[in-house]
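Note sheet for the following structure.
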There are 2 protein chains.
Amino acid sequence: MYTSKVKIILADDHAVLMTGLRLLLNNEPDFEVTGEASDGEKVLELLEKQSADILILDLSMPNMSGLECIREIKSRGHDIKILVLTMYEDENYVKEAMRAGALGYVVKQAVDTELFDAIRTVDKGLRYLSFHNAQLLINNLLTEPSRKAEDDPYSLLSAREREVLKYMARGHSMKQIGEVLCLSVKTVDTYKTRLMEKLNCTQKSQLVEYALRHGLLPVKNM
Amino acid sequence: MYTSKVKIILADDHAVLMTGLRLLLNNEPDFEVTGEASDGEKVLELLEKQSADILILDLSMPNMSGLECIREIKSRGHDIKILVLTMYEDENYVKEAMRAGALGYVVKQAVDTELFDAIRTVDKGLRYLSFHNAQLLINNLLTEPSRKAEDDPYSLLSAREREVLKYMARGHSMKQIGEVLCLSVKTVDTYKTRLMEKLNCTQKSQLVEYALRHGLLPVKNM
DNA sequence: AAGGAAATCAGTAATTTACTGATAACAGAA
DNA sequence: TTCTGTTATCAGTAAATTACTGATTTCCTT
C-alpha cells in the first residue's frame with residue numbers, strides 16, 4: 001500500500017541547525033521537508049505559495065515571533081498542523097503556543113525519535129507535548145477551554161488595538177504612535193484606554209508584561 | 001594522496017539539533033563526528049577518553065556553561081581546537097569565548113557552508129569569526145584588549161543605571177521606579193538621562209530596543 | 001590633593017497622559 | 001427596520017510626567 005510522505009515546512013532562524021534538521025527528517029522514509037523559512041514573515045509568504053502537512057516552528061525568531069506567526073496562520077485560515085520546536089521549557093510558552101493554535105510542542109533538548117513521534121502524532125491531528133509534566137497541562141488545557149475569553153483576552157483585541165499595543169510595549173509615546181499610524185494622539189489614547197480595559201490593566205507596565213508574554217516583542221533585525 | 005578526516009566532537013544540549021548537525025557534518029567527505037556531549041562536564045569526561053581535532057561547542061549548556069568548559073579544557077592542557085557555535089550574536093560573548101581560548105566563533109544563524117569554512121579554518125589552527133564586522137573585532141581583541149568600554153556601552157552602565165533600564169523597558173514610569181527602588185523621581189530621572197547619553201539614544205523606544213536586544217527583558221513566570 | 005565617575009536630589013518649564021465626551025460606520029439581534 | 005454593540009476616529013481640559021539645568025556627597029584613582 002502506498003502512503004504519501006508527510007510534507008513538512010521548517011521555520012527556524014538558525015540556518016545551520018535547520019539544514020541539519022532537514023537532513024535528519026529527510027532520512028526518515030515517511031517524512032519530506034518541502035520548505036524552509038527563517039522568520040515568521042517568511043513562513044507566511046511560503047504558505048501563500050505552497051501548502052504542507054506540518055509546520056515545525058521555532059518560537060524565537062526575529063521580526064515576527066513564533067507566537068504571532070501561529071496566530072496569523074490561524075487567522076488566515078491556513079490548513080496546516082503546527083508543531084512547535086523550541087528551546088523554551090517554560091510552561092507559559094507551552095500554554096501560549098497551544099492556545100494560539102499549535103498542535104504539538106517539543107523541546108530541542110529532546111532526542112530525534114521523540115521529534116519523529118511528535119510529527120507522526122501531530123500529523124494524525126492529535127496533540128503532542130514533549131514534557132514529563134505534560135499530562136497535567138493537557139488536562140488543564142482541554143478540560144476547561146471554556147473560559148477562553150478571560151484566559152486569552154488577546155482574541156478580544158481589534159487589529160488597531162493590537163498594533164497600538166505593540167508600539168506601546170516598545171516604549172513609544174502616544175504622540176509617536178499617532179504619527180506612525182497617521183492618527184490623532186487622541187485616537188491612540190482611546191485605544192490605550194480600551195487596551196487597559198480589555199486586558200484588565202491599571203498600569204502601562206502591565207501592558208508591556210502582557211505583550212512580552214504573548215511574544216509581541218520579538219527582537220528586530222538590524 | 002590520503003588525507004585523514006577532521007575528527008569532531010559536538011557539544012550542545014539540544015539533542016535533536018546535535019543529531020542533525022552530526023548528519024550534516026558526516027555528509028562532508030573530510031569531516032567525521034567522533035563524539036557528542038550534552039553539557040560541559042560530559043565534554044570533559046569525553047576528552048579524558050578520546051581526543052579529536054575540533055570541539056564544536058554551544059555556549060548555553062546546563063551544569064557547566066560553554067565558557068567555563070573552555071577554560072577548564074585549557075587549564076587541563078587538552079590539545080583540541082575549539083569552535084564555538086552559538087545563538088548569541090553579542091560581541092561580548094565572542095570576546096569572552098576567544099579570550100577563554102576558543103579559536104573560532106560561528107553563530108547558528110550562519111549557513112552550513114560557513115560552518116564548514118570555519119571548521120576547516122580552525123583545523124589549520126587559524127582563527128575564524130563568523131561576523132560581517134568580525135575583522136574589526138579580531139583586531140581590537142588582539143591588539144588592544146584594553147578599551148573595552150566603547151565596544152559595548154553596556155559595560156559602561158553602572159548597576160543603578162542597569163536596574164533603572166530594566167524597569168523602564170518594562171514600561172514603568174520614573175515615579176514608579178523611584179518607589180520601587182526607594183529613590184526620588186529626580187534621581188531616577190538622572191539615571192534615565194545618563195542612560196540616554198551612554199547608550200546614545202534620543203528616545204525612550206531606543207532604550208527599550210537596546211534592552212530587548214541585550215536580553216534584559218526575560219518573560220517572567222506567572 | 002585633584003579629577004572623575006556614581007549616587008542622590010531640587011525646581012520649573014514643557015510635554016504628555018488621564019478622563020470625559022462625542023460622532024460615524026457597520027454588523028447583528030430583535 | 002430599529003436597536004444595540006463594536007470599532008475607528010477625534011476634541012478639550014485638568015492632572016501628571018518628563019525634560020532640562022544645576023547641585024552635593026562619596027568614593028576611587030592618580
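This one's a predicted model, so the numbers in the text were calculated from it and none came from an experiment. The sequence lines fix the lettering, A, B, ..., with proteins before strands; numbering per chain opens at 1.
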Legend entry - Of the listed nucleotides D:dT13, C:dC9, C:dT17, the one nearest the side chain of A:Lys192: C:dT17
Inset, instruction - Answer yes when A:Glu48 and A:Arg76 have at least one side-chain N-carboxylate O distance shorter than 4.0 Å, and no when they do not. - result: yes
Legend entry - Whole-Å gap separating C1' (D:dA16) and NZ (A:Lys204): 14 Å
Legend entry - From C:dT17, D:dA8, D:dT18, nucleotide with atom closest to A:Met174 side chain: C:dT17
Legend entry - Rounded distance (Å) that lies between atom P of C:dT17 and atom CD of A:Gln176: 8 Å
Legend entry - A:Lys5 side chain to A:Asp30 backbone, donor-acceptor under 3.5 Å: no
Inset, instruction - Answer with base, sugar-phosphate or nothing: what part of the nucleic acid does A:Thr187 contact at a heavy-atom distance below 4.0 Å? - result: base
Inset, instruction - Sort out for me which residue in A:Val84, A:Thr121, A:Leu115 forms a side-chain contact (heavy atoms from CB on, under 4.5 Å) with A:Tyr128. - result: A:Thr121
Legend entry - Given DNA chain C, 5'-ward residue of the pair B:Lys186 and B:Leu183, judged by closest heavy atom: B:Leu183
Inset, instruction - Starting at atom CG of A:Asp189, determine the distance to atom C1' of D:dA16, rounded to an integer number of angstrom. - result: 13 Å
Inset, instruction - Could you work out which one of D:dT18, C:dA7, D:dA8 sits closest to the side chain of B:Arg160? - result: C:dA7
Inset, instruction - Round to the nearest Å and state the distance from A:Leu165 atom CG to D:dA8 atom P. - result: 14 Å
Inset, instruction - Measure the distance from CG on B:Leu157 to P on C:dA6 and round it to the nearest whole Å. - result: 9 Å
Inset, instruction - Identify whether any heavy atom of A:Thr193 sits under 4.0 Å from a base atom; if not, whether one sits that close to sugar-phosphate; answer base, sugar-phosphate or nothing. - result: nothing
Legend entry - Member of A:Lys74, A:Lys166, A:Arg162 meeting the salt bridge (Lys or Arg N to Asp or Glu O under 4.0 Å) criterion with A:Glu68: A:Lys166
Inset, instruction - Map A:Val185 and B:His172 onto DNA chain D by nearest heavy atom, then report which one ends up closer to the 5' terminus. - result: A:Val185
